[in-house]
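All values below come from the heavy atoms of this structure, side chains included, with hydrogens, waters and symmetry mates left out.
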Number of protein chains: 2
Amino acid sequence: MLSQRRKDMASQTEENYLKALYSLSVGKIEVNISELSAALNVSNPTVNSMVKNLKTKGLVKYEKYKPLSLTEKGRKAAALIVRKHRLTEMFLVEKMGFGWEEVHEIAEQLEHVNSSKLFDRMDELMDFPLVDPHGSPIPDRNGNISESAYEPLSKFSVGRKVKLAALGHSSTEFLKYLNSRELSLGTEIEIKSIEPYDGSMVLSYQNHASETFTKAVCESLLVERVG
Amino acid sequence: MLSQRRKDMASQTEENYLKALYSLSVGKIEVNISELSAALNVSNPTVNSMVKNLKTKGLVKYEKYKPLSLTEKGRKAAALIVRKHRLTEMFLVEKMGFGWEEVHEIAEQLEHVNSSKLFDRMDELMDFPLVDPHGSPIPDRNGNISESAYEPLSKFSVGRKVKLAALGHSSTEFLKYLNSRELSLGTEIEIKSIEPYDGSMVLSYQNHASETFTKAVCESLLVERVG
DNA sequence: CTAATATGTTAGAGTCTTCTAACAAATATT
DNA sequence: AATATTTGTTAGAAGACTCTAACATATTAG
């Protein structure tokens, strides 16, 4: 029998609109129709009619000619899709040996699978990670993001003092590399300078006054602010 | 951006028609429109028009008022969907700790994911299994099914020792029934006696010295010889 | 402030998948 | 064989998602 989605559930297409709106809403509340159509690679009229549809479902706030925003219901729905996406990426990398470049496309498809069991099981098998390796937080089963989400070191600027809180990934080589630099979880770090050319950072920590790390490495060092 | 399927690829709906046709074709070549509409829970005219569509794509053979069948191209396409379904079921059970009853619904969704990498990786992580947790054979990357070495238990005679290798079908009730008898894949079984009247068999296995199974059940227990 | 530009909306149409109602062909029954 | 039943087909329509063309409103620049 042809498996069909429950009527009260967002279609895959609707889910993609919600997710895009969610991403575009990071750091602001309202989003333009045009931003959304650019993000989804779809025409303005298409977005316009979908937005009306999402409004009748109580997922977005919207008035003619005004920018739009997610309702609380819409925000939660979107966060749950993002949760599925990020858990999937994490699982593919951590448990199935994929590289980070390969997983996005697969997660784009798996994020629409209707089975909280599947994703909760992934979560469990990975010991409930709070962030994905890019430092992006993974929403919990209720669509909430833990307050203390860590950020990649690469996002900060010179002078910042931080504490190493987590690693973006935990390959043996990466761990060995960090050991060789005597950098471990909990270490306090200060950013001494940033090379504008390639984004590499010079850090000082413990008895290391000046160690250089590439941008790629700094993106996998997840930190929290100190002081 | 909204991820869309390649134009030369079957839609999810088309894939479901191919898969149903494939299942209905087991043991025969041709299938009725009505059988297909019953299997897919869809009206006759709907199947009729989809079949015409699949014909123009070279996936089914069909003439007005005649029964239909898969072309070689359609057979292969269907087998590859079945491969994805069965690998997924197997992976969920073997690697993610799901029960047999829980995995079908999830696999129904994952089978439409477009990523041979994902499924080949599952295959590899499980050491290339030949059958899924319900005992059905898993087609290879080319859509071919390995000649099954398994035979129904009902073919054997008293004194034979065998190992349960696969199941002929996978209804939830059948699975529950086997669970209730503590009979699972891999269990070694000896045929103690056969009732000539109705073909039912008395078996001994593990800590069950004497359990009776009907002929119908024994025909769905696929086994390999032991010793 | 008015004109030019950017952004948003409406109208109308096309594809995909589905339906029901009405009709046609094939099969089974008497 | 003639009729009844089952099976298959055609026609027409609807909903979801998309488009382009034309028009309306907002915003920006002179």
Asks: Looking at D:dT10, D:dA24, C:dA24, which one has an atom nearest to any side-chain atom of B:Tyr65?
Replies: C:dA24
Asks: Within the distance-only criterion (no hydrogens, no angle test), does the side chain of B:Asn32 pair as donor or acceptor with the backbone N or O of B:Glu35 below 3.5 angstrom?
Replies: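 Looks like no, no N/O pair under 3.5 Å.
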Asks: Roughly, in whole Å, what's the span from CG in B:Leu36 to P in D:dT9?
Replies: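 Going from B:Leu36 (CG) to D:dT9 (P), I get 12 Å.
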Asks: Just call it for A:Ser49: base, sugar-phosphate, or nothing, with non-hydrogen atoms closer than 4.0 Å on any strand.
Replies: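 Counting heavy atoms under 4.0 Å across all strands, the contact made by A:Ser49 includes a base.
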Asks: Between atom CD in B:Glu30 and atom C1' in D:dT7, what is the gap in whole Å?
Replies: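 One finds 15 Å between C1' of D:dT7 and CD of B:Glu30, rounded.
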Asks: Return the value, rounded to whole Å, for the distance between atom CD of B:Glu63 and atom P of D:dT7.
Replies: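 About 21 Å, once rounded to whole Å.
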Asks: Answer with yes or no whether the side chains of B:Asp198 and B:Ser200 bring together a donor and an acceptor at under 3.5 Å.
Replies: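 Checked: B:Ser200/B:Asp198 side chains pair up, N/O donor to acceptor below 3.5 Å.
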Asks: For D:dG8, does OP1 or OP2 lie under 4.0 Å from any side-chain N or O of B:Ser34?
Replies: yes
Asks: If you check the B:Asn53 side chain, which of C:dG8, C:dA24, C:dT17 turns out closest?
Replies: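 Among the listed nucleotides, the one closest to the side chain of B:Asn53 is C:dT17.
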Asks: From CD1 of B:Ile33 over to P of C:dA25, roughly how many Å is that when rounded to an integer?
Replies: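 My rounded result for the distance is 16 Å.
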Asks: Salt bridge between A:Lys19 and A:Glu14, side-chain N to carboxylate O under 4.0 Å?
Replies: no
Asks: Between B:Arg83 and B:Pro139 (side chain of the first, backbone of the second, donor and acceptor by atom type, cut-off under 3.5 Å), is there such a pair?
Replies: yes
Asks: How is A:Lys66 classified with respect to the nucleic acid when contacts are heavy atoms under 4.0 Å: base, sugar-phosphate, or nothing?
Replies: nothing
Asks: Which one, C:dT17, C:dC19, D:dC17, comes nearest to the side chain of B:Thr46?
Replies: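 In terms of side-chain proximity for B:Thr46, the closest of C:dT17, C:dC19, D:dC17 is C:dC19.
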Asks: Mapping B:Lys64 and A:Val31 onto DNA chain C by nearest heavy atom, which one lands closer to the 5' end?
Replies: A:Val31
Asks: Treating B:Arg141 as the side-chain partner and B:Asp120 as the backbone partner, does any N or O pair qualify as donor plus acceptor under 3.5 Å?
Replies: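 Here the side-chain-to-backbone pair does not exist.
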Asks: Does a side-chain N or O from B:Tyr17 land closer than 4.0 Å to OP1 or OP2 of C:dT18, or not?
Replies: yes
Asks: Look up atom CE in B:Met122 and atom CE in B:Met126, then write down how far apart they are to the nearest 0.5 Å.
Replies: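 B:Met122 atom CE to B:Met126 atom CE measures 7.0 Å (nearest 0.5 Å).
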Asks: Side chain of A:Ser11 only, please: which of C:dT10, D:dA11, D:dC17 is the nearest?
Replies: D:dC17
Asks: Let me know the distance between CG of A:Asn32 and P of C:dT5, rounded to the nearest Å.
Replies: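 Nearest whole value for this atom pair: 20 Å.
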Asks: Of the candidate nucleotides D:dT10, C:dT18, C:dA24, which contains the atom at the shortest distance from the side chain of B:Met50?
Replies: C:dT18
Asks: What integer distance in Å separates A:Gln12:CD from D:dC17:P?
Replies: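 Result: 10 Å.
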Asks: Could you tell me how far apart B:Glu35 (CD) and D:dT6 (C1') are, to the nearest whole angstrom?
Replies: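 The distance from CD of B:Glu35 to C1' of D:dT6 comes to 14 Å, rounded to the nearest Å.
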Asks: Return the value, rounded to whole Å, for the distance between atom CG of A:Asn48 and atom P of D:dA16.
Replies: 17 Å
Asks: Can a side chain N or O of B:Asn44 be found less than 4.0 Å away from OP1 or OP2 on D:dT9?
Replies: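 No, B:Asn44 has no side-chain N/O under 4.0 Å of OP1/OP2 on D:dT9.
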Asks: The side chain of A:Val42 lies closest to which of these nucleotides: D:dT10, D:dT18, C:dC19?
Replies: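 Nucleotide nearest to A:Val42's side chain: D:dT18.
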Asks: In terms of side-chain heavy atoms of B:Ser43, which of C:dT10, C:dT20, D:dC17 is nearest?
Replies: C:dT20
Asks: With a 4.0 Å cutoff (strictly under), does any side-chain N or O of B:Lys52 reach OP1 or OP2 of D:dT10?
Replies: yes
